[in-house]
Participant: 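There's a structure below that I have some questions on.
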Amino acid sequence: MNKNTNIFIQNITWDRIWITFYIEGLSSDAQVFLQCVSDDISFELKKVSSNEFKLNITNPGNCRMLPAGIYELYVKSIQGKTKLSLNTDINASRFNRQFVYYHSERAYRVQFSAKNGLRIKASDIQLPGIGFKRRITSLIRRSRHNLAKAVLRTIYKTEYLLFHRKGCADIHKLKNPRILLMSDQSEEMGSNMAALKRALIRRGYNPEEALRAVTTRHYSIIHWIKTLKKIAEADFIFLDDHSQTTDWLTIKGAIITQLWHAGAGFKSTGYSRFGMPASPAPKSGHRQYTYGIAGSKNIRHFFSEVWGINDEMVLPTGMPRLDEYLNEDYIKETKEKLLNNYPILCKPNANDNKTRVRKENIILFAPTYRGENKRHAYYPYDMLDMDKLYQLCQDTDSFIIYKMHPFVEEPVPIPEQYQDRMLDLTRYPNINDLFYITDLLITDYSSNIYEFSLMKKPMLFYAYDIAEYAKERGFHRDYRENVPGKIVETFDEMITAIREKDFEYDRVETYLKNNFEYIDTHACDRIIDYIILGGPYA
C-alpha cells in the first residue's frame, strides 16, 4: 500500500443523509472507497468535484443502509492505494450523528474516530430510557401486529405457491401478463395510475386493482386474503405511493414499479429525511422497487434518494398523467365542464352554455399540508387574512379558488359575504384540471408546480414558515435556488406581489429545462414498452 502522507481528509460535512469528505492531494484519476475492516464489503463514494466525495448512508450503492460495521476510507489511483487520515486539527467525534426511528425506540448511529487513520462505525441500536409502561405497551402492540403479519405472510406464501405462474424464464415474454395496480393510501386511484390504466386497456391488457386506505381503515381477513392473492398472482405491480404492506411483506416473482405523484417538489420525504418524524425505517417497502419513474434524467437522483434505490433504477419516462393533461381534446372538454359546473367562474351575462367565457385574473391557492402525515394534516388558516384577500379581489377584479391538499380535512373558512369572489374546490378530484383556467398559482412547497409550469403562467410561493419547514421537514434540494417564481415570506408581501404583478416569471423556463425529458403525451407508452415488454429505453 502506498503510504502517501500528502493525501488526507481536510474536512467532513453532513447534509441530511449525505456525508461529504473533502480530500486534499488527490490526482485527477483518484477513486475513493469505504472499506469494512472485518470483511470484503466496500463502497465507492460519489465524486462531486476534484476533492469532494459523497456517501449516502441510507444507500451507499446496495439499495440498503450502510451495513453495521467499522469502515476505513481509501484512495485508489495509478500511484496505488492509500488509507486516509483526518486532519489532526479536527475533532472527529463532532461528526457523529444519530438517526432515530421506529417511534423513537431505535436509532441508526454513525460514529467517527481518528485513531489509526479515520474510522467510521455504523450501528443500529435500541435506545435506552424508555419507561417500563411504554416498553410493555410497545411490546404488546408489536406482538399483536407481528402475529397478524406472520399469519398474512403464511397466507401469501401459500397463495404464491398455488397461483403464481411459473415456467417462463423471461417475464417480458408472457402473452397475458398479470398486472396489478395497487395502493395502500386510498380507495380511489391516483392520477398517474389512472392514466396508466387507460393506456394498458387501450393496448389490450386487463389490469387488476387493489386499492385500500390502510392508514385510516381496517379491513377484514377475507379482504386481506383476496388482496394477497392478487399480489401473489401478479407479474407486474404498479404502486402510486408508499405501500405499508410492502414494509412487512416480501413480494416474489413480480417487477414492482413506483408511480409516485410528485413530479418535482422540494420537501424531503422517504429516505431523504431519514431520522426525522414519520421517516421510514432502515428496511422498508421502498427497497423492493424494481423501478421508479421521474420526469427527467436531471432530477432522477432526487427520486432515488427518496426511495433508497440507485439512480439507474429511476426511469425518466415522464409522468403518466401528463398524457391526458397535455391532450388538446381533454383540455377543451375540461374547461367547458368547469365553466358549466361552476358558473361563478364565468364572466357576467355569459349564460348560454356555448358562449361561457371564464373570468380573468383567476388565482389558485394550493399549498401543501402541515403535520407529519395524513392523520395529522392541517393548514393554518390564520396565515390568511380573508378581509385583505377579498379587498385584493375587488381592487384587481380577481377571483380566488382554494384547493387544499387532499389530506387537509378542515374546509377553507370563507365568510359568506366573500363567496362571490372565493370558492373552495378542495374536494374537486383533480387539481390539474384547475390549472387550465388559472392565471396565477400560489403555493409553497408542493409538487403541483410540476404540471403548472407547463402552462407557462406565473407562480408565487407563500413560504411564511420556510425556516421552520426546512428544519422540521427539510428540503432535498435548494428551495430558494430552484423555485420557478418569487418567494414571499409574509402575507403582506404576497398581497403586494400580486398587486404589482411581481412574480419573477423568467424562472419558469429554467425550471422546464431542468425537469422535463419529454413534453408529450407518450409517457404511458414508454412505461409499458420498457417495463412490461422489456424493450429498449430511448
Participant: Between Pro320 and Ile527, is there a side-chain heavy-atom distance shorter than 4.5 Å?
Facilitator: yes
Participant: Would Phe516 and Tyr450 count as a close aromatic pair, with their ring centres under 6.0 Å?
Facilitator: yes
Participant: So, Trp14 versus Phe99, ring centres under 6.0 angstrom or not?
Facilitator: yes
Participant: Would you confirm whether the ring centroid of Phe53 sits within less than 6.0 angstrom of the ring centroid of Phe21?
Facilitator: no
Participant: For the pair Lys337 and Glu333, find out whether any cationic side-chain nitrogen is under 4.0 Å from an anionic carboxylate oxygen.
Facilitator: yes
Participant: Could you pull out the closest heavy-atom pair between Asn514 and Ile299, with the gap in Å?
Facilitator: O-CG2, 3.7 Å
Participant: So, do Leu384 and Tyr402 sit near enough that their side-chain heavy atoms are less than 4.5 Å apart?
Facilitator: yes
Participant: Does the Asp385 side chain pair with the main chain of Lys388, one donor and one acceptor, at a distance under 3.5 Å?
Facilitator: yes
Participant: Test side-chain contact (heavy atoms from CB on, under 4.5 Å) on Asn51 and Glu24; report intermediate values, then the result.
Facilitator: CA-CA 6 Å; Asn51 71 326; Glu24 294 295 327; 4.0 Å; yes
Participant: Give a yes or no on whether a salt bridge exists between Arg198 and Asp323, defined as a side-chain N under 4.0 angstrom from a carboxylate O.
Facilitator: no
Participant: Without swapping roles, check the side chain of Asn59 against the backbone of Glu305 for a donor-acceptor pair under 3.5 Å.
Facilitator: no
Participant: OH of Tyr330 to OH of Tyr436: how many Å apart, nearest 0.5 Å?
Facilitator: 5.5 Å
Participant: Kindly indicate, with the supporting measurements, whether the criterion side-chain contact (heavy atoms from CB on, under 4.5 Å) is fulfilled by Val488 and Leu460.
Facilitator: CA-CA 7 Å; Val488 290; Leu460 196 60; 4.3 Å; yes
Participant: Around atom CD of Glu188, are there more than 12 heavy atoms from other residues, nucleotides or ligands closer than 6.0 Å?
Facilitator: no
Participant: Is any side-chain heavy atom of Ile401 closer than 4.5 Å to one of Leu345?
Facilitator: yes
Participant: Stepwise, does the ring pair (Phe, Tyr, Trp, His ring centres under 6.0 Å) test hold for Phe491 with Tyr464?
Facilitator: CA-CA 8 Å; Phe491 180 83; Tyr464 63 86; over 10 Å; no
Participant: Should we say atom NZ of Lys283 is surrounded by more than 12 heavy atoms from elsewhere, each under 6.0 Å from it?
Facilitator: no
Participant: Can you name the nearest heavy-atom pair linking Ala497 to Phe503, along with the distance?
Facilitator: O-CE2, 3.6 Å
Participant: Whether Asp529 and Arg203 form a salt bridge (side-chain N of Lys/Arg under 4.0 Å from carboxylate O of Asp/Glu) is what I want to check.
Facilitator: yes
Participant: To check you understand the geometry: which heavy-atom pair defines the closest contact between Asp241 and Gln185, and what is its length?
Facilitator: CB-CG, 3.6 Å
Participant: Determine whether Leu364 and Phe399 make a side-chain contact, defined as any pair of heavy atoms from C-beta on separated by less than 4.5 Å.
Facilitator: no
Participant: Do Ser296 and Asn515 have side-chain N/O donor and acceptor atoms under 3.5 Å apart?
Facilitator: no
Participant: Ion pair present between Arg202 and Asp525, side-chain N to carboxylate O less than 4.0 angstrom?
Facilitator: yes
Participant: Give the minimum heavy-atom separation between Pro316 and Tyr518, together with the two atoms involved.
Facilitator: O-CE1, 3.3 Å
Participant: If you define the side chain from C-beta out and look only at heavy atoms, does anything of Phe236 sit under 4.5 Å from Ile256?
Facilitator: no
Participant: Would you mind checking if Lys486 and Asp502 are paired as a salt bridge, meaning a charged N to carboxylate O distance below 4.0 Å?
Facilitator: yes
Participant: One pair to check against salt bridge (Lys or Arg N to Asp or Glu O under 4.0 Å): Asp124 and Arg106. What are the steps and the verdict?
Facilitator: CA-CA 7 Å; Asp124 195 305; Arg106 298 195 65 83; 3.0 Å; yes
Participant: Answer yes or no: is there a side-chain heavy-atom contact under 4.5 Å between Gln288 and Thr246?
Facilitator: yes
Participant: If you apply the rule side-chain contact (heavy atoms from CB on, under 4.5 Å), what do you find for Arg16 with Ser272, and how did you get there?
Facilitator: CA-CA 7 Å; Arg16 298 171 295 108; Ser272 68; 3.5 Å; yes
Participant: State, with a plain yes or no, whether a side-chain heavy atom of Asp520 is found less than 4.5 Å away from one of Leu326.
Facilitator: no
Participant: Can you see which heavy atom on Tyr22 is nearest to which on Ile12, and at what distance?
Facilitator: CD1-N, 4.4 Å
Participant: What class does the angle between the rings of Phe407 and His405 fall in, given that below 30° is parallel, 30 to 60° is tilted and above 60° is perpendicular?
Facilitator: perpendicular
Participant: Under a 4.5 Å cut-off applied to non-hydrogen side-chain atoms, are Tyr289 and His286 in contact?
Facilitator: yes
Participant: Passes side-chain contact (heavy atoms from CB on, under 4.5 Å), Tyr469 versus Tyr479? Steps please.
Facilitator: CA-CA 11 Å; Tyr469 197 89; Tyr479 181 75; over 6 Å; no
Participant: Of the non-hydrogen atoms in Tyr505 and Lys456, which two are nearest, and what is the gap between them?
Facilitator: OH-O, 2.6 Å
Participant: I need the His376 NE2 to Tyr369 OH distance, nearest 0.5 Å.
Facilitator: 11.5 Å
Participant: Will you find, in the side chains of Gln391 and Asp387, an N or O donor that is under 3.5 Å from an N or O acceptor?
Facilitator: no
Participant: Using side chain to side chain contact (heavy atoms under 4.5 Å, CB included) as the criterion, point out the one residue from Leu389, Leu440, Ile362 that pairs with Ile400.
Facilitator: Leu389
Participant: Assess, by modelled atom type and distance only, whether the side chains of Asp433 and Tyr428 contain a donor and an acceptor separated by less than 3.5 Å.
Facilitator: yes
